[in-house]
Every structure is written in C-alpha cells, then in structure tokens.
There are 2 protein chains.
Amino acid sequence: MPKRIGQWHDVEAALRADILSGRLEPGARLSTEADLCARFGVGRHSLRRAVATLVAAGALRVQQGAGTFVADHAVLNYQIGARTRFTHNLLSQGLAPSGDLVSAETLIPPAHVAEALGITPTTQVHAFVAVGRANGDPVNLTCSWHLASLFPSMIDQRRAGETVSQVYTQAGHGDYRRRETTITARSALPVEMRHLNLPDARPVLVTAKVDTTRDGLPIGYSQGIWAADRVRFTVENTTMTGELK
Amino acid sequence: MPKRIGQWHDVEAALRADILSGRLEPGARLSTEADLCARFGVGRHSLRRAVATLVAAGALRVQQGAGTFVADHAVLNYQIGARTRFTHNLLSQGLAPSGDLVSAETLIPPAHVAEALGITPTTQVHAFVAVGRANGDPVNLTCSWHLASLFPSMIDQRRAGETVSQVYTQAGHGDYRRRETTITARSALPVEMRHLNLPDARPVLVTAKVDTTRDGLPIGYSQGIWAADRVRFTVENTTMTGELK
DNA sequence: CCGCATTTGTTCGTATGTATT
DNA sequence: TAATACATACGAACAAATGCG
C-alpha cells in the first residue's frame with residue numbers, strides 16, 4: 001500500500017505519464033503554470049514542485065519568460081576504457097568536437113589529488129580546466145593535474161592548443177598507461193552548472209583516472225564531469241566466460 | 001559574468017562551505033529551520049530550497065520530526081567489466097551481500113528490452129526485479145529479462161534462490177558472455193526511491209548489459225539502478241600504450 | 001503506553017522581480 | 001513598450017513524524 005501524501009506527487013506522475021506515453025511530444029510546449037494549476041486543481045506551489053522534480057530528472061526544460069518544454073536530447077555514446085579519445089569518440093558519431101581551455105595554472109594540489117598522485121601535499125603541479133563540446137554544446141568539464149617537475153613548459157604548450165597526450169609524448173612519456181577509471185554520479189555543483197550550461201542542479205557523471213609511466217609511476221590525474229543526460233558510457237567487457245560462483 | 005540572484009543560493013553556499021570545511025561534521029545535526037532562518041535572515045522558503053538542493057546533492061539528510069543532518073556515507077567500490085560479481089565485490093570490502101527477489105513473472109517485454117534482445121515484441125520473457133544489499137542497506141535494484149523459451153523453469157529456480165549464472169549454466173549456457181556495459185545517470189524514479197530507500201529524487205547510476213551465447217545470440221538483458229552516493233564503479237583500463245592522436 | 005512538544009512536510013495566498021515575445 | 005510567463009520571496013496554517021517524559 002503506497003503512502004502517497006502530496007498532490008504534487010500526483011501532478012508529477014500525470015505529467016510524467018503524458019511525456020512517456022508520447023501525448024506530450026519531445027520539444028512540445030506545456031500550458032502555462034496558471035493553466036496547469038487550474039487543470040490539476042492545485043496551487044502554484046504544488047505545480048512548480050512537480051515541474052521542478054521533472055526538470056531535475058531531465059524530462060522537462062524550463063525557460064523563464066518563454067515556457068516549459070518537454071526535453072529533447074541528443075545523447076553522446078562515449079566509449080570508455082580503451083584507446084579511444086574524446087575527439088575520436090565524437091567524430092565516429094558525426095559530432096564536431098571542440099573545446100575551450102578555461103584555466104591553466106601551476107599550484108599546490110588539493111589533498112585528494114596529491115593522494116592520487118602519491119606526492120607530498122606541497123609538490124607543485126600544473127592544473128587545467130577545460131570544456132569539451134559536441135557540435136558546440138558543452139558535454140564535459142575536465143580538470144587535470146600533472147607533475148610540474150616533469151613538464152616544465154606544459155602551461156604554454158596547452159595554451160598553444162597541444163593535447164595532454166602530445167605534451168606527454170614530447171616529454172618522453174609517450175607510452176604512458178591509464179590506470180583504472182572510476183565512475184560516480186552526483187548533482188552538479190554551481191561552477192559545473194555554469195560551464196556545462198545546466199539550468200539546474202542536474203545529475204552529472206564523474207570520471208577519474210590516473211596516468212602513469214610504464215613503470216607505474218603517476219604523472220597525472222584527471223577528472224571529467226559530464227552532463228548525465230547528454231552522455232552514455234560504454235565499457236567493453238573484454239574476456240570472460242561464465243566463471244560463475 | 002555570473003548572473004546570481006537569489007538568497008537561497010547564498011544560504012546553500014554557506015551551508016556547503018560549513019560542510020566541506022568540516023565546521024559541520026558528518027552526522028552532525030543542524031539547527032532547526034526556524035533557527036537557521038533567523039541566522040541567515042531569510043524566510044523558510046529560501047532556507048528550505050537551499051537545504052533541498054544540498055539533500056539532492058547528497059550533502060545533507062533530512063528526517064521529518066527529527067532534524068537535518070550532515071550526510072555520512074559508506075561508499076561501495078564496485079569493480080565492473082570483469083569476471084567479478086556482486087557477491088565477490090562486496091566480500092572483498094568486508095561488506096555482507098544479500099538480496100531480495102522483489103518480483104518474478106513471465107511477460108511480453110517492453111520495447112527497449114525486445115530491441116536489446118533482438119526479438120519480436122511478442123516473444124515471452126522472464127522478468128525479475130531484485131534488490132541487492134550491502135550490510136542490509138540497499139545499494140542497487142536489478143531488473144533483468146531472459147528468453148523464456150531457453151529457461152522454462154527459471155521462475156521457480158530463482159524463487160528457490162538460484163542465481164542467474166546458475167540458471168544459465170544448467171540450461172547449457174555456462175559459457176555465456178557479457179556484451180559491453182553501458183553506464184548512464186539520471187534522477188531516481190518513484191519506484192526506485194522506494195526500493196533503494198532514497199528519501200528524495202537523488203541521482204542514480206544506471207548500468208545495462210546484454211548476455212549472449214558464445215555465438216553472440218542474446219539470451220538475457222539486465223539493468224542495474226544504483227544509488228549514486230553509495231557506489232563508485234571502477235573500470236579496469238586493460239591494454240593500451242600511448243596510441244595518441 | 002500515552003500524550004505532548006518539537007521538527008520537518010505540504011499547501012495555500014500574495015507580492016514583486018526578471019526574462020521573453 | 002506592453003503583455004506574458006517564469007523566478008523568488010514572505011507569511012501562515014495544518015499535517016505527519018519523531019522523541020521524550
């Protein structure tokens with residue numbers, strides 16, 4: 001026996017059903033708040049809470065002054081854990097990759113970065129923040145940290161448009177490896193909302209990985225924040241037969 | 001230029017800062033709403049919106065009648081894409097795995113399942129819903145669909161506690177393979193909130209995979225919904241040397 | 001075990017600001 | 001510029017859950 005308290009739950013369910021069933025098509029505009037309030041017989045508060053929930057869920061998109069619309073998204077399918085790269089991933093789906101370097105500086109890393117890199121908290125690193133785009137729309141925000149001692153001119157190189165891989169190679173670490181990638185999800189932080197152009201605290205996927213030399217020495221750590229409704233990760237399940245138990 | 005208007009943003013930022021800085025320790029109880037309203041000089045509306053945002057972000061936990069608390073979580077590190085299993089994954093971290101079978105029935109699959117399995121929309125499948133737990137706390141909700149024709153007595157077998165792998169093996173498909181796994185994130189649906197014991201529409205990670213025979217014929221499709229703040233996926237980055245560009 | 005005070009949840013009304021058309 | 005539509009904010013009242021005496 002479901003414990004349904006709250007009219008806004010009912011309104012949310014009704015709107016969600018309309019969207020899923022196709023009665024409201026992707027991109028369609030909903031009636032105004034006032035109309036919907038009248039239709040459902042609830043106050044503006046209840047209606048707005050239902051809409052807010054669906055916006056957070058990525059089912060609706062609201063634009064002040066214009067109206068409320070059913071979301072329509074293009075989802076990027078991103079291959080992970082292999083030798084594919086951002087550029088290659090997008091091109092293979094007919095999307096135009098681009099990116100902006102938001103910031104580049106040399107500093108003392110935050111604690112969790114120092115830990116991941118296995119360095120003392122006072123060792124200097126280069127820190128970069130960049131936005132990756134598909135067809136001009138931002139899809140991810142990358143924060144990366146690299147040992148400053150190994151890549152003296154990395155700041156200038158990256159400002160000149162060189163990729164991390166290119167810098168690694170020129171410094172004699174072309175055969176670097178990527179340790180395992182971790183994936184988590186959470187709600188977007190205010191900074192992330194700005195860079196990813198998110199209208200609200202929507203879910204984001206967070207990827208993190210450590211680059212090491214062939215000997216396993218960490219040389220860089222990077223973290224990607226992805227708008228959850230704009231990407232789907234694919235992990236190739238290599239190996240494996242049965243192996244139950 | 002940031003266009004930040006709204007007091008509730010300021011309240012959220014202040015609370016977030018208190019949490020991150022450690023002034024509010026994990027598990028600690030905040031002052032009451034009334035007190036916080038007075039302290040920040042805002043109405044209850046603004047305060048509650050700030051709190052709601054932090055709850056959605058997983059930073060706070062609210063309990064009606066009791067108070068608002070700083071979240072303290074145990075995060076499960078889940079190895080993905082290898083031969084590891086739910087049980088093994090938990091045991092290796094000292095967590096006790098358990099699970100409940102929520103439902104088991106034979107039916108016509110939803111469209112996206114039929115598509116994934118490469119079957120006509122009228123082919124019957126067994127559908128299961130189960131909750132996976134770590135130390136009794138729910139961490140994921142698994143929905144799986146399996147070709148009914150291949151596993152006639154699967155419903156009874158699973159009700160008797162047998163695993164999917166065990167059923168596969170007994171039907172002569174012990175050497176099944178897992179096609180690639182996809183990972184996405186979104187907000188939890190009401191059903192998921194109930195089973196995962198989520199107090200709100202928090203982010204969830206969604207994993208999906210197709211089991212096939214050695215010949216590549218699909219025999220089952222399963223989807224896992226994970227409470228985002230209770231799990232971190234780890235993908236082993238096999239292979240790979242440089243291979244830049 | 002009951003009852004009561006405390007604390008959060010839901011809902012309404014109302015007013016004003018800001019973006020879009 | 002004016003009308004429309006969503007955003008923010010305050011206040012108030014009652015419901016529901018919790019915890020304590």
Side-chain angles (χ1 to χ4, degrees), chain A residues 1-15 24 27-57 59-71 190 193-194 197-202, chain B residues 1-15 24 27-71 188 190 193-194 197-202:
Chain A
M1 127 191 187
K3 51 158 184 185
R4 42 199 267 226
I5 33 185
Q7 324 183 37
W8 69 268
H9 272 122
D10 298 334
V11 176
E12 183 207 335
L15 288 175
L24 286 172
R29 210 200 104 157
L30 275 65
S31 315
T32 67
E33 287 185 344
D35 287 346
L36 290 173
C37 288
R39 172 176 145 202
F40 290 112
V42 300
R44 214 177 147 228
H45 249 86
S46 303
L47 178 81
R48 279 179 63 78
R49 173 142 191 194
V51 170
T53 303
L54 290 168
V55 167
L60 290 179
R61 169 174 53 87
V62 182
Q63 197 174 354
Q64 180 178 164
T68 305
F69 305 84
V70 179
M193 290 163 54
R194 281 200 298 279
N197 198 19
L198 295 176
D200 217 319
R202 301 263 276 278
Chain B
M1 65 193 112
K3 53 168 176 182
R4 220 162 314 129
I5 34 192
Q7 322 183 33
W8 69 267
H9 272 121
D10 299 334
V11 176
E12 183 207 336
L15 289 175
L24 286 172
R29 211 199 105 157
L30 275 65
S31 316
T32 67
E33 288 184 345
D35 287 346
L36 291 173
C37 286
R39 172 176 144 203
F40 290 112
V42 300
R44 200 172 164 223
H45 222 70
S46 303
L47 178 82
R48 280 178 62 78
R49 175 144 190 195
V51 169
T53 303
L54 290 168
V55 167
L60 291 179
R61 169 175 55 86
V62 183
Q63 197 173 357
Q64 179 178 164
T68 305
F69 305 85
V70 180
M193 290 163 54
R194 281 200 298 279
N197 198 19
L198 295 176
D200 218 319
R202 301 262 277 278

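Note on naming: letters A, B, ... go to the chains in the order of the sequence lines (proteins, then strands), and numbering restarts at 1 for each one.
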Original post:
Please give, in whole Å, the distance from C:dT14 P to B:R44 CZ?
Top reply: 20 Å
Original post:
Which listed nucleotide (C:dT10, D:dA5, C:dG9) is nearest to the side chain of A:W8?
Top reply: C:dT10
**OP:** Could you tell me whether a side-chain N or O of B:R48 sits under 3.5 Å from a main-chain N or O of B:E33, the two making a donor and an acceptor?
**Re:** no
Subject >> Nearest-nucleotide pick for B:V42, side chain only, options being D:dC10, C:dT7, C:dT11 >> reply: D:dC10
**OP:** Rounded to the nearest angstrom, tell me the gap between atom CD in B:Q64 and atom P in C:dG9.
**Re:** 6 Å
Original post:
At their closest point, which heavy atom of B:W8 faces which heavy atom of B:S46, and how far apart are they?
Top reply: CB-O, 3.4 Å
Original post:
Is there a side-chain contact between A:V42 and A:D10 (heavy atoms, below 4.5 Å)?
Top reply: no
Original post:
Expressed in angstrom and rounded to an integer, what is the separation of B:L30 atom CG from C:dT8 atom P?
Top reply: 9 Å
**OP:** Please tell me if the side chains of A:R29 and A:Q63 come closer than 4.5 Å, counting only heavy atoms from C-beta onward.
**Re:** no
**OP:** Counting heavy atoms from C-beta on, name the nucleotide in D:dC10, C:dC12, C:dT7 closest to the side chain of A:S46.
**Re:** C:dC12
**OP:** Take the protein atom CD of B:Q7 and the nucleotide atom C1' of D:dA7, then report the distance between them rounded to whole Å.
**Re:** 13 Å
Subject >> Note, A:L60 side chain near A:L30 side chain (heavy atom, < 4.5 Å) >> reply: yes
Original post:
Can you check the B:L60 CG to C:dT8 P distance for me, whole Å?
Top reply: 12 Å
**OP:** Name the residue closer to the 5' end of DNA chain C, choosing between A:G41 and A:Q63 according to the nucleotide with the nearest heavy atom.
**Re:** A:G41
**OP:** Using whole Å, report how far CZ of B:R61 lies from P of C:dT7.
**Re:** 17 Å
Original post:
Touch check for B:G65, heavy atoms < 4.0 angstrom, all strands: base, sugar-phosphate only, or nothing?
Top reply: base
Original post:
Rounded to whole angstroms, how far apart are CD on B:E33 and P on C:dT7?
Top reply: 10 Å
Original post:
Think A:T68 has a side-chain N or O under 4.0 angstrom from the OP1 or OP2 of D:dC6?
Top reply: yes
Original post:
Please give, in whole Å, the distance from D:dA7 P to B:H9 NE2?
Top reply: 12 Å
Original post:
Does the side chain of B:T32 get closer than 4.0 angstrom to OP1 or OP2 of C:dT6 through an N or O atom?
Top reply: no
Subject >> Side chain of B:V62 - closest among C:dT20, C:dT8, D:dC10 >> reply: C:dT8
**OP:** May I ask you to say what B:R48 touches in the nucleic acid, namely base, sugar-phosphate or nothing, with a heavy-atom cut-off under 4.0 Å?
**Re:** base
